[in-house]
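Along the sequence shown, the residues carry numbers beginning at 1.
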Amino acid sequence: MFTFNRLFLLLMLGFFALGAACFIFLAHPYDFLFNQKVVLQDGGEILEMWRTPEVELFCRVYLFNVTNAEEYMAGIDDKIKVKEVGPYVYKEGFRHEITKFNDNGTMSVIPHHPLTWMGNMSEGHKENDILFLPHIALLSIANVVAPKGFVTRFGLNNIITLTNSQPLVKMTAREFMMGYESKLMTLGSTFLPGWINFDKLGLIDRMYDFSGDYETVFTGVHDVRYSGLIDTYRGSTDLPQWEGKHCSNVQNASDATKFKGGLGKNDTLLFFRKSMCRSGILIPVEEGVKSGLNAYKYTYPENMLDNGQYIKENKCFCRKGKCLPAGLIDVTDCYYGFPIALSYPHFYKGDDILFSKVEGLTPNKEEHETSFWIEPTSGLPLEVSSKMQINLALEDLSTIHNVDRFSNMYLPMLWFDIKLYSLTPSLERRFNLYLNILPVVERAAMYVLFGIGTCLIFATIYNLTFKIMFKSVNNRTTRNIVIGNQFSSNEKKNNNTIYSPCETPLNGVDSDSSDTQFDPERRPSLLKVHGDRLKELSSKLSDKMYDSVGTVKDIVMGELTHVKNIFDRKSSLRNDANDPYKSDSGEEMIQGYKTIKQSDSDDDCKYLEVIDDGSEFDTIDFDTNNSKRLKDLERRDKETILHIKE
């Protein structure tokens with residue numbers, strides 16, 4: 001049996017467990033610890049993961065090879081025919097050089113994205129593949145000079161004639177992507193240094209030119225949801241190429257390293273890459289599981305590349321008041337003044353006019369739609385496929401030699417897919433622990449602590465209650481319930497009394513010190529003793545009190561009937577004037593039996609007492625049968641008393 005000190009200790013442990021469960025329910029310590037971990041602070045685990053992500057990011061490039069270059073230049077074909085060639089795969093290094101932590105909850109960062117050729121992932125394509133591709137320098141310079149004065153156009157025409165520059169030329173895939181030498185580019189960088197500061201032009205090379213770029217990024221100190229998002233790009237929350245906050249804003253955008261955390265099912269996101277020259281809105285379209293983590297699928301909304309035709313606010317994407325057809329965005333100012341326009345691959349979701357002078361494009365959703373799978377709690381990207389196409393948006397070139405057939409053409413050159421296939425195994429294990437296992441452990445701990453605390457408290461209170469109620473159980477003797485009057489010693493010894501006092505022990509047996517409940521060493525547990533004793537007392541009290549008394553009453557009343565018949569005979573022999581059945585006090589008697597007032601107290605016993613009225617039974621001339629019957633009556637009365645006692 002527990003002592004009071006032990007019960008008090010168990011009670012305190014129960015309250016402690018219950019308090020711990022309530023603390024977990026109200027404070028959510030996992031959320032607090034996770035939020036502290038997500039903050040980008042010096043020396044933190046997540047900061048190191050963000051500084052140099054362990055993910056493997058790839059840039060998959062597809063080139064549009066012109067299959068009818070000679071026929072088109074000769075005027076035989078009216079449309080340029082292109083065929084997609086690729087992928088040419090490069091692994092993108094991803095590193096953030098942190099220069100300092102600022103007092104406003106941001107850090108200054110210089111991004112680096114070096115590329116490494118991945119021949120084993122290029123599906124047999126090589127960097128030295130020979131293709132017919134557009135001469136970007138010639139077409140770009142022609143587009144810039146065409147609206148100029150006669151003298152400027154005359155000078156360019158002479159250079160084109162002298163160098164025999166053609167708008168479609170043979171070159172390797174690497175030259176087109178990473179830069180090729182051109183006499184026009186050399187002249188441009190020599191005579192126009194303010195416009196062109198490089199002597200080689202390659203689309204992928206220019207797209208990944210991050211020289212001079214710097215950013216400030218939120219650390220999450222003030223709001224952990226925004227950790228890793230861009231605050232400013234090149235010192236401003238807006239891009240200088242656009243007018244109006246709707247088009248120029250880059251604040252709170254992600255570079256795909258980490259997105260906004262704590263996402264709801266209807267929250268939108270911002271994605272920014274320098275190659276896009278804008279931030280793009282992402283909307284949720286699907287739920288699923290990636291890398292063992294719950295995730296939302298995001299994509300660009302309908303008409304994201306609209307220029308005001310469908311969405312009025314997008315009018316600010318029209319450069320200098322000139323709007324390109326829906327499905328194109330003019331990024332000339334981001335690509336050194338070259339007439340570059342971005343679209344989805346194969347002009348997916350673009351206006352029909354984009355296909356008017358080009359054949360061989362086959363847009364479809366499965367291959368050309370952008371998608372981001374993002375874990376909503378942390379903002380961690382689990383799978384990324386960001387797809388864009390680079391085109392030349394050419395104007396009227398009729399006044400420039402060799403390029404007049406390219407007037408008012410939207411010429412596709414390549415499209416790329418920035419691809420994250422999945423998390424690395426180490427990252428997958430780590431974030432499964434953070435995002436799947438630990439929350440379950442927290443909930444399980446809360447339920448277990450709540451259950452333990454509740455059980456300990458109720459069990460302790462139960463034990464304390466019974467310990468107080470039955471504190472003297474070890475010294476308690478057996479209580480008896482007596483059916484009968486409290487006779488004196490002399491009366492009990494009087495064998496002539498017809499009814500002896502009937503005493504029935506409350507527990508049905510005489511008190512015996514050999515009983516295990518009276519032996520401290522063999523005594524059962526407190527709960528068992530109390531439970532068994534209470535059931536025993538209640539059962540025997542009701543059964544013995546009512547059943548036994550009822551049995552006595554029935555027996556006595558039966559015998560009284562027989563005695564009355566005998567006394568009726570006796571009364572006929574006596575003198576009617578001498579009535580022996582009147583008591584001295586004048587009370588009425590029933591043939592020699594006096595009714596005794598009864599109560600339900602423990603001190604009184606319900607019984608019927610035979611009154612001696614002075615008549616001598618033995619002097620009356622009863623016959624032998626009646627005398628024998630009286631003896632039988634006394635014997636049966638004694639047996640009844642013994643039965644009650646048992």
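- In this structure, Glu359 does not pair ionically with Lys83, as no charged nitrogen and carboxylate oxygen lie closer than 4.0 Å.
- Using bins of under 30°, 30° to 60° and over 60° for the plane-to-plane angle, the ring pair Phe94/His113 lands in the tilted bin.
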request  = Please assess Glu243 against Lys315 for the test salt bridge (Lys or Arg N to Asp or Glu O under 4.0 Å), listing each intermediate value before the final yes or no.
outcome  = CA-CA 10 Å; Glu243 295 180 1; Lys315 194 79 173 179; over 6 Å; no
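- With salt bridges taken as basic N to acidic carboxylate O contacts below 4.0 Å, none links Lys81 and Glu70.
- Put simply, the side chain of Asn402 gets close to the backbone of Ser165: a donor and an acceptor are under 3.5 Å apart.
- Both tests pass for Arg405 against the ring of Tyr72: distance under 6.0 Å to the centre and angle within 45° of the axis.
- The side-chain hydrogen bond (donor to acceptor under 3.5 Å, both in side chains) search around Asn68 returns Asp77, not counting sequence neighbours.
- Looking at Asn364, its side chain does come within 3.5 Å of a backbone N or O of Glu367 through a donor-acceptor pair.
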task = List the steps and the verdict of salt bridge (Lys or Arg N to Asp or Glu O under 4.0 Å) for Glu287 and Lys297.
result = CA-CA 6 Å; Glu287 291 185 58; Lys297 180 182 178 181; over 6 Å; no
message = For a salt bridge (Lys or Arg N to Asp or Glu O under 4.0 Å) check, start with the C-alpha distance between Glu97 and Arg51, then their side-chain angles and the critical distance, and finish with the verdict.
response = CA-CA 7 Å; Glu97 180 184 344; Arg51 189 200 307 265; over 6 Å; no
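- Using a 30° and 60° split on the angle between ring planes, Phe64 and His346 fall in the perpendicular class, above 60°.
- Here the CG-CE distance, from Leu115 to Met178, works out to 5.0 Å after rounding to the nearest 0.5 Å.
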message = Using ring pair (Phe, Tyr, Trp, His ring centres under 6.0 Å), reason through Phe272 and Tyr233 one step at a time and then give a plain yes or no.
response = CA-CA 10 Å; Phe272 172 73; Tyr233 176 73; 5.2 Å; yes
message = One pair to check against side-chain hydrogen bond (donor to acceptor under 3.5 Å, both in side chains): Gln41 and Thr219. What are the steps and the verdict?
response = CA-CA 7 Å; Gln41 49 191 347; Thr219 62; over 6 Å; no
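- A salt bridge links Lys349 with Glu302: at least one charged nitrogen is closer than 4.0 Å to a carboxylate oxygen.
- Counting only distance, with no hydrogens or angles, the side chain of Asp306 and the backbone of Ile311 share a donor-acceptor pair below 3.5 Å.
- At least one donor-acceptor pair under 3.5 Å links the side chain of Ser140 to the backbone N or O of Ile136.
- Arg319 and Asp333 are joined by a salt bridge, as a carboxylate oxygen and a charged side-chain nitrogen come within less than 4.0 angstrom of each other.
- In this structure, the side chain of Asn143 engages the main chain of Glu395 through a donor-acceptor pair within 3.5 Å.
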request  = Using the side-chain hydrogen bond (donor to acceptor under 3.5 Å, both in side chains) rule, take Glu286 and Trp373 through it: C-alpha gap first, then chi angles, then the decisive distance, then the call.
outcome  = CA-CA 9 Å; Glu286 187 180 339; Trp373 284 94; over 6 Å; no
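- Between Lys387 and Glu369, no side-chain nitrogen of the basic residue sits less than 4.0 Å from a carboxylate oxygen of the acidic one, so the salt-bridge criterion is not met.
- Ring-plane geometry between Tyr298 and Tyr296 is classed as tilted, the angle between the planes lying from 30 to 60 degrees on a 0 to 90 degree scale.
- Looking at Arg206 and Asp209, a side-chain N of the basic residue comes within less than 4.0 Å of a carboxylate O on the acidic one, giving a salt bridge.
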task = Take Ser378 and Lys258 through the side-chain hydrogen bond (donor to acceptor under 3.5 Å, both in side chains) test and state the conclusion after the steps.
result = CA-CA 8 Å; Ser378 62; Lys258 178 189 174 300; over 6 Å; no
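- A donor-acceptor contact shorter than 3.5 Å is absent between the side chain of Ser279 and the backbone of Phe271.
- No donor-acceptor distance shorter than 3.5 angstrom exists from the side chain of Ser122 to the backbone of Lys126, with no hydrogens or angles considered.
- Tyr348 and Tyr344 have tilted rings, their planes meeting at an angle from 30° to 60° on a 0 to 90° scale.
- Note on ring orientation: taking the six-membered ring where Trp is involved, the planes of Phe355 and Phe347 are perpendicular (angle over 60°, cut-offs 30° and 60°).
- Checking side-chain atoms of Asn102 against main-chain N and O of Asn104 turns up no donor-acceptor pair under 3.5 Å.
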request  = Could you check Thr237 against Asp231 for side-chain hydrogen bond (donor to acceptor under 3.5 Å, both in side chains), going step by step and ending with a plain yes or no?
outcome  = CA-CA 6 Å; Thr237 60; Asp231 177 31; over 6 Å; no
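- Thr161 places a side-chain N or O within donor-acceptor distance of the main-chain N or O of Asn157, the cut-off being under 3.5 Å.
- Classification of the Trp50-His96 ring pair by plane angle, with boundaries at 30° and 60°, yields parallel.
- Without hydrogens or angle criteria, Trp242 side chain to Arg278 main chain gives no donor-acceptor distance under 3.5 Å.
- For Lys357, the side-chain contact (heavy atoms from CB on, under 4.5 Å) partners are Asn408, Met409, not counting sequence neighbours.
- The pair Glu375-Lys290 does not count as a salt bridge, with every side-chain nitrogen at least 4.0 angstrom from each carboxylate oxygen.
- With respect to Asp213 and Lys274, a salt bridge is recorded, a charged nitrogen being found less than 4.0 Å from a carboxylate O.
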